[in-house]
There are 2 protein chains.
Amino acid sequence: MTPRVRGRPRSFDREAALARATLLFWKYGYEGTSIADLTREMGVSPPSLYAAFGDKRTLFSEVVERYGETFGAFMGRALDEEDDTRAAFARMLREAAASYTDPAHPAGCLVISAAVNYSPQTADVERALRDRRVANVRVFEERLADAGGRGELPAGVDAHTLAHYFAAVVQGLSQQARDGATAGELERVAGLAMSVWPAPAR
Amino acid sequence: MTPRVRGRPRSFDREAALARATLLFWKYGYEGTSIADLTREMGVSPPSLYAAFGDKRTLFSEVVERYGETFGAFMGRALDEEDDTRAAFARMLREAAASYTDPAHPAGCLVISAAVNYSPQTADVERALRDRRVANVRVFEERLADAGGRGELPAGVDAHTLAHYFAAVVQGLSQQARDGATAGELERVAGLAMSVWPAPAR
DNA sequence: CCCATTCCGTAGCGATGACTACATAAAAGA
DNA sequence: TCTTTTATGTAGTCATCGCTACGGAATGGG
């Protein structure tokens with residue numbers, strides 16, 4: 001199972017180091033986190049970091065990928081596991097409020113907040129996260145349009161606007177969490193935000 | 001009126017240079033904008049910049065102050081000029097949607113997006129903007145509590161939650177605008193967001 | 001006219017950014 | 001044991017960061 005390779009084995013836990021890097025990028029963002037910060041917190045010297053993860057951009061990409069499969073996975077799960085569309089979005093907002101304020105890690109969402117500011121040279125990093133967010137809005141819209149087609153929403157409900165609304169609320173929850181809002185405050189905001197849901201077709 | 005001073009007069013328009021700096025910080029953020037970027041776009045050499053504006057932090061502070069009195073002033077105006085509280089918040093969201101997508105300047109709100117990412121050395125800049133945002137939530141809450149006291153809202157309506165909700169929506173609109181949402185899309189989101197407004201007391 | 005004052009552009013300061021050359025250490029294969 | 005392979009720590013590379021010393025240019029005061 002453990003494929004013994006040639007050469008000297010690496011002296012650090014790659015997964016643990018990646019987890020440390022995630023926390024740094026999450027809190028300070030891509031440009032706010034220096035290689036010196038990373039090597040210090042990961043307990044790895046610069047050459048080892050570059051050998052194990054490639055350059056800073058590649059490491060960041062892997063961090064984002066890992067984030068999506070772990071901390072950020074609640075969003076896809078809420079939409080996939082709930083049959084009722086309203087329940088799916090309600091659960092998504094509720095879990096976002098909880099996750100974004102979890103004291104076990106930095107506040108807010110890494111995909112939303114880690115590359116807001118960027119120098120002209122790192123515009124592509126900002127673009128990569130923006131593409132993820134835009135793709136997410138499309139996922140929302142497809143689910144809502146599908147719900148409309150199945151009669152879960154009254155005819156004529158604007159799935160496009162509703163999708164952008166939920167995206168905006170999620171991003172607002174992330175920003176509020178970073179500004180110090182508590183889990184309880186955000187859970188109540190999430191509940192209030194759901195009251196825009198259109199009256200059921202009759 | 002023009003107080004003639006001794007020495008050589010400055011060869012550039014201080015207000016125009018400040019406006020250029022505002023656009024740069026607005027788009028790229030505090031750390032994403034270098035002194036080299038600023039001197040190039042402002043058409044001013046580094047020593048002139050430092051003589052006229054102090055260091056980078058001080059320049060940024062002045063930019064933020066100016067922003068609040070110009071581009072960001074619609075928010076205070078909406079709350080001050082509208083007697084009806086619901087109309088005040090509706091106008092605020094509507095104008096935010098318009099301002100954040102105005103092609104005459106970078107998308108979104110400078111106070112929300114210019115210092116999301118920060119190195120440990122510039123945490124105080126992030127803090128300064130965060131304090132502004134948090135103060136804003138308090139202004140919202142006071143206006144909403146006042147509306148409750150005047151009978152504009154049903155008894156028992158949670159002004160605190162409502163204030164955080166509106167703050168989150170505004171921040172979500174800003175992020176959506178930076179991600180490329182159009183004015184029309186955000187205006188519809190703003191309208192939808194207002195449907196959480198509680199039914200009037202009877 | 002000369003001086004004091006203020007601003008100008010050039011050129012460069014020390015510190016830090018991302019990243020790497022190099023010699024060595026630790027493993028597997030022959 | 002000896003070679004090959006891969007990882008390690010030290011100690012740098014060059015570019016860019018925010019910022020400034022310095023000498024010259026443009027003004028008003030005397």
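Each chain gets a letter, A, B and so on, in the order its sequence line appears, and its residues count up from 1.
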Residue met sooner reading DNA chain D from 5', once A:L49 and A:P46 are mapped to nucleotides: A:L49
Would you say the side chains of A:T161 and B:E185 form a donor-acceptor pair under 3.5 Å? no
Describe, in one word, how the ring planes of B:W197 and B:F166 are oriented to each other, choosing from parallel (under 30°), tilted (30 to 60°) and perpendicular (over 60°). tilted
N/O (side chain, B:S48) to phosphate O (OP1/OP2, C:dC7) under 4.0 Å: no
Give, for atom CZ of A:R143 and atom CE of A:M92, the distance between the pair rounded to the nearest 0.5 Å. 10.5 Å
Using only modelled atom types and a 3.5 angstrom limit, is any donor from either the side chain of A:R6 or the base of D:dT4 paired with an acceptor on the other? yes
Take the protein atom CG of B:D55 and the nucleotide atom C1' of C:dA15, then report the distance between them rounded to whole Å. 16 Å
Roughly, in whole Å, what's the span from OH in B:Y50 to C1' in D:dC19? 5 Å
Taking the nucleotide of DNA chain C with the nearest heavy atom to each, does B:G43 or B:Q121 sit closer to the 5' end? B:G43
Phosphate-side-chain proximity, A:R8 and D:dT8, N/O vs OP1/OP2 below 4.0 Å: no
Is A:S11 near enough to D:dT8 that one of its side-chain N or O atoms lies under 4.0 angstrom from OP1 or OP2? yes
Taking only the side-chain nitrogens and oxygens of B:S34, find out if one of them lies under 4.0 Å from OP1 or OP2 of D:dC17. yes
May I ask you to check if A:R10 and A:F12 form a cation-pi contact, with NZ or CZ under 6.0 angstrom from the six-membered ring centre and within 45° of the axis? yes
